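Contents: one structure, followed by commentary.
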Amino acid sequence: MNSRVDDLRRLISQHDHAYYVLDDPKVSDAAYDALFKELLEIEEENPGLITPDSPTQRVCGKAITSFKTIEHKKQMLSLQNAFTEQDFIAFDARIRENLQIDVVEYSCEPKLDGVAISLHYKNGILSHAATRGDGLVGEDVTHNIKTLKSVPLKLLGNNYPKDIEIRGEVYFPKHQFNKFNKVLLSDGRKPFANARNAAAGSLRQLDAKVTAARPLALCCYAVGYSSADLAELHSDILDSFIDWGLPVSRYNSIAIGVSSVMDYYNNMSRQRDTIPYEIDGIVYKINSIAMQNEVGSIARSPRWAIAHKFPAKQEHTTVAAIDFQVGRTGQVTPVARLDPVMLGGAIVRNATLHNMAEVWRKDIRVGDTVLVRRAGDVIPEVVSSVITKRTDLMHKVASPSICPSCDRRLVEVSDETLRCPAGLCCPSQLKGALEHYASKPAMHIEGMGPSTVSILVDEGMLNCFSDIYKLEYEKLLKLEGFAELSAAKLLDSINSSKKTTLDRFLYALGIAEVGKVTAKELAQSFTSLGALMLADIAELESIANVGPILARNIADFFIDLDNLAEIKSIQDLGLVISRPILKIDMISQILEGRVFVITGKFEDYSRDEIKMQLQQHGAKVAGSISSKVTDLIVGSNPGSKLEQAAKRGVRIIDLESYEELIK
Ligand SMILES: [Zn+2]
């Protein structure tokens, strides 16, 4: 009986670890439930066998009546903040000066926006868990922490100190947060303002059953007190966390020197919205524990670590006016002109209000104080008005009846959505179409952003796409804002953009509803522009994701004689479309088990092409160097990844060896 109980506990813990820490479940829910039920039944019949680390003890019976306090064995420090790159450069300079070294190796880690927690393990068993509190004394939340399936009740293996405090962050996963708030709303309860509040609120429950019903998760990042010495590098200590079954962020990385640290920061900043938890910055820690000790701490903050915060993504400002803009499809969009405000690292002066229905629904008025938000790279938007600051002076705006760009009468396409019917005869639509054509995912003409397009259209130099290829150096020089260098650069960029791919060109043409993904699918299916132009509706509809409306849009576009003449002009002016790489199913498994990272630039391939080819041979492709990575493919001008890879003993492959590899 005893040994069966041990077996069951070990199996359940292993499955919890696989599911909640590794995100790689090994058994079905039903099989798991059966194991759990068996253990529960044995324990019910033999209460003497129950131990605190038994998985059945994650939720204890009774709710507590109040929170006790717990003294941390080692103070929980809080980090100093860096708000700019310069702040970090100064920090790095102080460290180098202090240690008399030329370059510092940092452990770089995402800074989770959750609740800091200290887990105390004695002889590998979770004895208690406490919040940060004032850093010296925190609140005992053991009963709630035990309900988190990603928290091991017993550490794996046996190579851990007898007495150790693990520091980490409890968070509410992003994808669960909205779902959870919806449930609260439908129950007539108040939703949480953000995921961090939801995590904090969930931990502050007297009844562990409430916490157990919420999807909290843990991420560990440091050691507090330890009865034994650990590894000499912080990154190696985090690796031992993994061996002990503790969850660690998979975005952690090592960076040597300032520029490599900034690469990491920029990379994470770009990925921010795709990371499954909220992060509000990056933490840099000196990786050598000996150096950490040498540098020491001041009062409540370590001198060997700093948190580099991401710029705020929500701010308050005032609506100076509400204008109407006409986009490339003719749709009229209300835009709030704002008093300038710093948002996400840039000054924001305009924010979209999407459509009139939205303006009415949110009741945004001129003069209002509003909350403005920016998520990732998207256009800033007005979230809401601050009603408490509203006075009689703030007024509503009416829907326009004529196009603000060409004075044509607007047509209502659907409820509250207005459109200018003038097409490319409307200067705003022409500008929008040209900007789209020149944009990065389309023809990628550098130096042809909105302001340049606007000047060129206003000067009458651009009336259609093909005019781009007729621009002349001498004429450009006469325009305001152009110097010899910028004019030459623009023409260079136009010239090199002529060599393109079918999907880019299709996307650039701006056919209604043809986005990047559709353009790629069309290019994969038809492989040449000529074939696509000849395709009938039935052929178009046979492509995945192309429905009747889209097929009709495409066919109509290529029947239009003006469009055909325009495409011919562009081709006559030197456009060269290369044939797309075909999507082929798995070719072989020769690279199975290998994990590749790609860095640098490649003349003949895009990174996506290389990625696809590797995957076709069974390899995995990762975004950053980690212990799982086996190979690094290096093009010209590689970044810090090369350094990191070399240090970790990752195999380095150049283009030639790569081509050899996939042959
Ligand atoms: Zn118009």
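Below, all heavy atoms of this structure are taken into account, side chains as well, without hydrogens, waters or symmetry copies. Bear in mind that the values here come from a model prediction, so they are computed numbers and not experimental data. Atoms within a ligand are numbered from 1 in the order they appear, just like the ligands themselves.
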Does the distance from a Lys or Arg side-chain N to an Asp or Glu carboxylate O, for D363 and R390, drop under 4.0 Å?
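Salt bridge present between D363 and R390.
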With sequence neighbours left out, what residues match R409 under salt bridge (Lys or Arg N to Asp or Glu O under 4.0 Å)?
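Listed in chain order: nothing, the list is empty.
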Among residues two or more places apart or on two chains, list those pairs meeting side chain to side chain donor-acceptor pair (under 3.5 Å) that have a residue in residues 478-487.
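The answer is none; no pair qualifies.
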Under the side-chain hydrogen bond (donor to acceptor under 3.5 Å, both in side chains) test, which residues partner R272, sequence neighbours left out?
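Applying side-chain hydrogen bond (donor to acceptor under 3.5 Å, both in side chains) to R272 gives none.
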Side chains of L479 and L456: does their closest heavy-atom pair fall under 4.5 Å?
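Yes, at least one pair of side-chain atoms sits under 4.5 Å.
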Every N, O or S from the protein that is nearer than 2.8 Å to the Zn ion (ligand 1)
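Near the Zn ion (ligand 1), below 2.8 Å, one finds C403 SG, C406 SG, C420 SG, C426 SG.
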When you check the side-chain N and O atoms of Y658 and Q613, is any donor under 3.5 Å from an acceptor?
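Distance-only check passes for Y658 and Q613.
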